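Have a look at the structure below, then the notes.
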Amino acid sequence: MPRYEAEQIIKDWLMKGGYEASSDTAAGKVVIRAVKQGSLWEITLRHRSPLATEVTSGETTMGRADTLWRFLADYQEGSISARGFPAGDMPMPVRN
């Protein structure tokens, strides 16, 4: 997916999860910083092609990255919308 799309859906997903999320662009990458209960989580997005973005997370100990990967996989497969709703729960006019 394009980097801008990835940035928007990840930030929205984080905010819905109770994080304060912000992003900065520098040196060809976007760094999303998410804070919840004093814990910082950084997610880096690198543009690889017009439709490809590399997403990396420094998170390894709390399982948060696994949840992010599941969300992104579900989004790419179309089983969940950008707003986090299962595709079948969206009204038909919105899906079309």
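All heavy atoms count here, side chains included; hydrogens, waters and symmetry mates do not. Note that this is a predicted model, so its numbers are computed, not measured.
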- prompt: Heavy atoms, side chains only, cut-off 4.5 Å: are Arg64 and Tyr19 in contact?
  reply: yes
query: Side chains of Ile32 and Leu45: does their closest heavy-atom pair fall under 4.5 Å?
result: yes
- line: On a heavy-atom basis, the closest approach of Val30 and Glu7 is CG1-CD, 3.8 Å
message: Do Ile43 and Val31 make a side-chain contact, defined as non-hydrogen atoms from C-beta onward lying under 4.5 Å apart?
response: no
message: Do Trp69 and Met1 land in one hydrophobic cluster if side-chain heavy atoms of ILVMFWY residues count as linked below 4.5 Å?
response: yes
- prompt: Hey, are the side chains of Arg33 and Ser23 touching, using non-hydrogen atoms and a 4.5 Å cut-off?
  reply: no
- request: Give a yes or no answer on whether the side chain of Lys36 reaches the backbone of Leu14 with a donor-acceptor pair at less than 3.5 Å.
  value: no
query: Taking all atoms of both residues into account, what is the closest heavy-atom pair of Ser57 and Trp41, and its distance?
result: OG-NE1, 2.7 Å
- request: Can you label the angle between the Phe71 ring and the Trp13 ring as parallel, tilted or perpendicular, going by 30° and 60°?
  value: parallel
- prompt: Would Tyr75 and Arg70 satisfy side chain to side chain contact (heavy atoms under 4.5 Å, CB included), going step by step from the backbone distance to the final call?
  reply: CA-CA 8 Å; Tyr75 178 79; Arg70 272 194 304 276; over 6 Å; no
message: Are the side chains of Glu54 and Thr44 in contact, using a 4.5 Å heavy-atom criterion?
response: no
field: Non-hydrogen side-chain atoms of Val55 and Arg46 separated by less than 4.5 Å
entry: no
message: Are the side chains of Lys29 and Thr25 in contact, using a 4.5 Å heavy-atom criterion?
response: no
message: Treating Thr53 as the side-chain partner and Arg3 as the backbone partner, does any N or O pair qualify as donor plus acceptor under 3.5 Å?
response: yes
- prompt: So do the side chains of Leu72 and Ile9 get within less than 4.5 Å of each other, counting heavy atoms only?
  reply: yes
